[in-house]
Amino acid sequence: MANLNLLQAINQALDIAMAADERVLCFGEDVGGFGGVFRATSHLQEKYGKARCFNTPLVEQGIIGFANGLAAQGSTPVAEIQFADYIFPAFDQIVNESAKFRYRSGDLFNVGGLTIRTPYGGGIAGGLYHSQSPEAYFAHTPGLKVVVPRNPHQAKGLLLAAIRDPNPVLFFEPKRLYRASTGEVPESDYQLPLGEAEVIKEGSDITLLAWGAQMEVIEEAAELAEKEGISCEVVDLRSILPWDVETVANSVLKTGRLLISHEAPLTGGFAGEIAATIQERCFLYLESPISRVTGLDTPFPLTLEKEYLPDRLKVFEAIKASVAY
Amino acid sequence: MANLNLLQAINQALDIAMAADERVLCFGEDVGGFGGVFRATSHLQEKYGKARCFNTPLVEQGIIGFANGLAAQGSTPVAEIQFADYIFPAFDQIVNESAKFRYRSGDLFNVGGLTIRTPYGGGIAGGLYHSQSPEAYFAHTPGLKVVVPRNPHQAKGLLLAAIRDPNPVLFFEPKRLYRASTGEVPESDYQLPLGEAEVIKEGSDITLLAWGAQMEVIEEAAELAEKEGISCEVVDLRSILPWDVETVANSVLKTGRLLISHEAPLTGGFAGEIAATIQERCFLYLESPISRVTGLDTPFPLTLEKEYLPDRLKVFEAIKASVAY
Amino acid sequence: MTTTTSSLVHSPAFLKGDEFSIDTFALLKQDGSLFEGAAPPDLDRDKALRIYHAMVFTRVLDERMLAAQRQGRLSFYMQCTGEEAAVIGSAAALDDEDMIMAQYREQGALAYRGFSCDEFMNQMFGNERDYGKGRQMPIHYGSAKLNYMTISSPLATQIPQATGYAYGQKLAGDGHCTITYFGEGAASEGDFHAALNMATVHKVPVIFFCRNNGYAISTPAVEQFAADGVAPRAFGYKMRVIRVDGNDVLAVYQATMEARRLAVEHNQPVLIEAMTYRLAAHSSSDDPSGYRSKKEEEAWREKDPILRLRRWLESCDWWSDEEEKALQERLRREVLETMKAAQKRPAPPLDSLVTDVYDTPTPQLNEQLAKLEAHIRLYPEAYPKSASRRSAEGSAGAPGAENGQGGR
Amino acid sequence: MTTTTSSLVHSPAFLKGDEFSIDTFALLKQDGSLFEGAAPPDLDRDKALRIYHAMVFTRVLDERMLAAQRQGRLSFYMQCTGEEAAVIGSAAALDDEDMIMAQYREQGALAYRGFSCDEFMNQMFGNERDYGKGRQMPIHYGSAKLNYMTISSPLATQIPQATGYAYGQKLAGDGHCTITYFGEGAASEGDFHAALNMATVHKVPVIFFCRNNGYAISTPAVEQFAADGVAPRAFGYKMRVIRVDGNDVLAVYQATMEARRLAVEHNQPVLIEAMTYRLAAHSSSDDPSGYRSKKEEEAWREKDPILRLRRWLESCDWWSDEEEKALQERLRREVLETMKAAQKRPAPPLDSLVTDVYDTPTPQLNEQLAKLEAHIRLYPEAYPKSASRRSAEGSAGAPGAENGQGGR
Ligand SMILES: Cc1ncc(C[n+]2csc(CCOP(=O)(O)OP(=O)(O)O)c2C)c(N)n1
Ligand SMILES: Cc1ncc(C[n+]2csc(CCOP(=O)(O)OP(=O)(O)O)c2C)c(N)n1
Ligand SMILES: [Mg+2]
Ligand SMILES: [Mg+2]
């Protein structure tokens, strides 16, 4: 076990995956010699050569188109999109191609080897175009898997699982935590399951659900609430698609209350899907409306970022409101 | 008043808009001399010249990029995307550009003149790529308006409002109804309000909510239900973004039950957002879980399209289940 | 770092694009004789006849299936008519293990590879034997065993995919390449630019084969681009390029052979622009009389690529009128009979709705399927394709031939 | 319909892209003298000095703001250093009413148009006077009155927008054009292809100005494309093209004047490729020592475009050492003082979070704002920027200078 930050954990996962299987390739803008603008792919080109870790031209639709072709051919591409805000030029290749490749061909062909890594989220003074959390756009797309890790240990295990999963996986990395989140990470080659949520703290009064960097926020809010005598069950969804309805529903059947938090705007955010599903599954057990604490229905701001973000105080207030309902 | 089909109503709206304001331009693939593959822009080039109604090269990202620039310049572009399934190459221009143009510039610049028309939806043996209903992707994007008309009269009035609205509007046209839906349409230049739902039939036991081509389906289901003594309130959402929470909530406060239906896949579809909002707004009034009758969580199929679609029988069964809850 | 080594000049001269010209490579005249100075490609009788058979099969299939569409047996169809030489001549120049990533109008290449009439029909009728499990519209063929990637409707997406596929082939070192076909219209998409640029930067064994057939649905090439065709774009990527008479199967064959050599032996991607003409409507939903003249069509009909090859075969004494008659008859019969059989086959099973979304269906999908099954049990008459299948009989029928709408 | 008129050839010759070469237009040597045979452009003293002032201001601003970033006063910065001649020389060749749609490294063009030091600072500190209302990162300037479109971070999106904007100008018939700037990296995006193709098809008065500065962050041009720069792509669209020494302000000025004439008088879009070098890091988040040599940088530092112009001005007797000293001093002082004042100004008001999403806030947005206001009243100390504003005082502070992460 070593103490790593989230970037190091990701770098280690890529290193292990490339060492274990020569079909694994890493590429994207500045990914090669430089090791990526955040340095997630540091030293991979040195170790595995220019053919397996390289810079691409600056064209996201090309990066993912190229990756789709490579995956169809039987390789295991791990493509990086430099910021999640810049994934949209590749939207067609992801939503119309990656997601539908296997289905439309009746499983003659598939791009299951594909993994797309991309840093997402706010809190770094990035403004409109270096802060977005676009997971919900992809969660409406059958055929994709969408994964978001909350810390270095999770990041390594989930990324290794994503790379080896026989389906195209979008892997959103909470860039605010790249250096800020550190923790013990086993040196071994391990995988954590996709599609499974994790209860990281048990509680009885309310279920708090989030993913990625937002986990930290709901954990802090849970602490504030505990001080007021409110017992929170804290759940990390981990996989946005497919998502673990059972674990969430079971928790809500127990606590009777649910609060979901994400940075993305409220309207059309993934909390809506969860709320809609859970109100159906747990209708008779709900003691208060399912609560959503999210970004505003606006583009991501800069100077007033702190005001925009769903922070622990907002979550704390929403917990109290839910319990007092 | 003339009896028009939906295509003719749209053509008339475009004609009126172009006649009234020379800054209005129509363009897209095959939109010019040919009048569009569905003929929605028939005769507009003849009437208004090649400079104002024209073919573009085959590049959706270019069409919308060009349209964004034109709108910023002060023109009123009405860009056509040939099928909603092919809007994704333009996703970046729409989601990162059109939607954020005004906000990021502090209102120095805006693309409020922009309207994007595109045929959407299934039921025409179109398979994966001529059947999609992508409205939810755009509904997660503050800055856009999203509108879907249900019949010729609505189409004309809503399209004229969309073209003149000082915000970028996505106008999804139910192509299954292009020729199938006919009705009386005033010849005058009229507008119907954006952002307002319409109660098209009052009822007391359950609220049925949909938009576009799906309205027909829920109306038929309502008839089946009436025969079983269930009184349905039928609401056309009309605008997906921003959506009319008040009208829907008021209806549900009255009926105590809500069913939402759309063709798009369940997970991440816009019904989720509505359900999440309404369970919060109407928590104490809900007599059964909010029900969603939608497409499956798969790409759109072909041979088994009928099985896939949320038809009146599925809606009818869901109504009964909700009332019997 | 900057790569140019261009020399300095001191007056501001703008280049106009007429500093060079791009010739058209052609071998065969319409009368079946070779141009003066033209040498025939290295093509033996067997291969020539394999090409010819595929061309005639494609033509017969197209005629028959368009008629079937008109009769309401089929929802949709797209013809290759007029472009058989471009598509089949190029496919014939490849190794059968090379990957083909086509747009949609390249059924001839698939026929050349040996896709059977039955396989074509099952796809078009979306029945239980369709490899694509009845999920895509007619003509969206695919074959893993024939290295023919399943067609995808969104245009140009296959072009960067071909670059990626070929990169994988290069790494695998198996000596194969990828060819990707696309229309001059699709070449306007951003994906085209991405694909060609990445191919030269990463030195990938891929052949970009542009069928410049003059139209993208109703949009003529002059409204698609201002340049002299698609070929000059290659200069922007420093890619090898050749323009070829797309109705001349020998020229297409030879150009593609040479392109394949550059690709496979030197990792040199190549752009081929085949000048041809879409003789038929864009698709069964289209009526070209709205945007082009009969006269223009007639002029091109006289350049029929199949007739041109037939005349050459005859001049080689490799083909006769009797053989022609027999072939035509056999193919017509085969197409008709196979169609009838395919049309009768049942639809794919209900669970094909949820399989292949992922490698295995998720719990949610299984739940949705179970709910759907229960529903169909309630209303069997409303879902004849799947309900009747439960009672092990019934026909698939044409997938939704009912709608007469334009546009695909 | 097919447009080519190319002639037939009968052997399969592949063009390689070395059939032509693209020269570089240059007028001024580094010592400030003109090349032999070079005539100076039509540029009077006033205009020359306006250009020079903008160049020096840009350099001073860049140096000072990078330092401010290093001190933690600013979250982010991007320098134009090394590219001042390309950006300002071209802007100077335009009419001040022409629209500029830039990428992000073109603050010099905005300075040339007259954006004040105070206006620059207010944007960078995202304070209440920022036209952009503190919503975008530093350097995302915009000015409606100066016809300078607000910068957008997603690369290349402005290129097809420029085509559209210019199409509107053509219809309006006001005799104006649009220039769009972009890097050689951004030119790889699909939007580039769309923009240039549409511009020639629709005959639009737009100038595509590519700053080929050798790098896209760490990616050298040789890994961005295989061709000799970006210029040869023009052939693919039959667009006029010129390559120019981007460090030679006179050549850039003259080439752009001529391009503007083609655009405005003949609706001929033009591609200009300015060969230059990004002397500084990509941005304040970047460290170029990881991907290029000091030696390479030094070689380019010797081609400093500002010094080159200064020498020419001196040779014309339009500029002296004293004037230089005074200018430098004045600008340094101005930048420093203006920065201090801007940094002290409060943040934009809380409601700026929800305005401008639409022309007027929706009911939902008003509700969200009201909720947020109530929340901030509960915890004023947690939201000092907005809470303190309520008590009508306090400073905006640097927007999140705290994070030291790479990448922008
Ligand atoms: C991304 C996308 N946009 C639009 C369409 C609709 N469409 C189908 S075929 C076609 C024209 C294609 O023309 P071209 O590439 O020249 O091929 P051809 O039909 O001439 O063989 C269009 C616009 C599509 N399938 N995909
Ligand atoms: C669509 C998109 N992809 C990626 C980025 C991240 N990014 C910002 S600048 C840059 C490099 C741009 O290089 P170039 O166009 O050559 O301009 P230069 O910085 O050299 O002036 C990259 C990759 C972005 N802003 N937008
Ligand atoms: Mg074509
Ligand atoms: Mg650059």
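If you're wondering where the values come from, they're calculated on a predicted model, not measured in any experiment. Residue numbering restarts at 1 for every chain, and letters A, B, ... go by the order of the sequence lines.
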Mind ranking [options] by heavy-atom pairs under 4.5 Å with chain B and telling me who comes out on top?
| options | result |
| --- | --- |
| A:L284, A:L241, A:I94, A:D85 | A:L284 |
| A:A271, A:S291, A:A275, A:G269 | A:G269 |
| A:A90, A:A139, A:G272 | A:G272 |
| A:P299, A:P134, A:P301 | A:P299 |

Please classify the contact between [X] and chain B as side chain, backbone, both or neither, with a heavy-atom cut-off of under 4.5 Å.
| X | value |
| --- | --- |
| A:F270 | side chain |
| A:Q132 | side chain |
| A:Q61 | side chain |
| A:I278 | neither |

For this session: Using side-chain contact (heavy atoms from CB on, under 4.5 Å) as the criterion, list what pairs up with A:K254, not counting sequence neighbours.
Result: A:E202, A:E233
Problem set entry | Any residue meeting side-chain contact (heavy atoms from CB on, under 4.5 Å) with B:L309, in chain and number order, not counting sequence neighbours | B:E263, B:F300, B:E305
Exercise. Testing B:F91, B:F88, B:Y137 for ring pair (Phe, Tyr, Trp, His ring centres under 6.0 Å) with A:Y137, which one passes?
Worked result: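 The option that passes is B:F91.
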Exercise. Quick one: are B:L286 and B:S288 in side-chain contact, heavy atoms under 4.5 Å?
Worked result: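 Counting from C-beta outward, B:L286 and B:S288 never come under 4.5 Å.
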Problem set entry | Interatomic distance, B:R257 atom CZ to B:T207 atom OG1 [nearest 0.5 angstrom] |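 Rounded to the nearest 0.5 Å, the CZ-OG1 separation comes to 10.0 Å.
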For this session: Taking atom types as modelled, find out whether B:E135 and B:W211 have a side-chain donor-acceptor pair closer than 3.5 angstrom.
Result: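 There is such a pair between these side chains.
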Exercise. When the ring planes of A:H130 and A:F83 are compared, do they come out parallel, tilted or perpendicular, using 30° and 60° as the limits?
Worked result: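 Judged by the thresholds at 30° and 60°, the geometry between A:H130 and A:F83 is perpendicular.
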For this session: Look at B:D297, B:T298, B:N96 and state which one has the largest set of heavy-atom pairs under 4.5 Å with chain A.
Result: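 Top option by heavy-atom pairs under 4.5 Å: B:N96.
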Exercise. So which of B:C282, B:P89, B:G143 has the largest heavy-atom pair count under 4.5 angstrom toward chain A?
Worked result: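 Among B:C282, B:P89, B:G143, the one with the most close pairs to chain A is B:P89.
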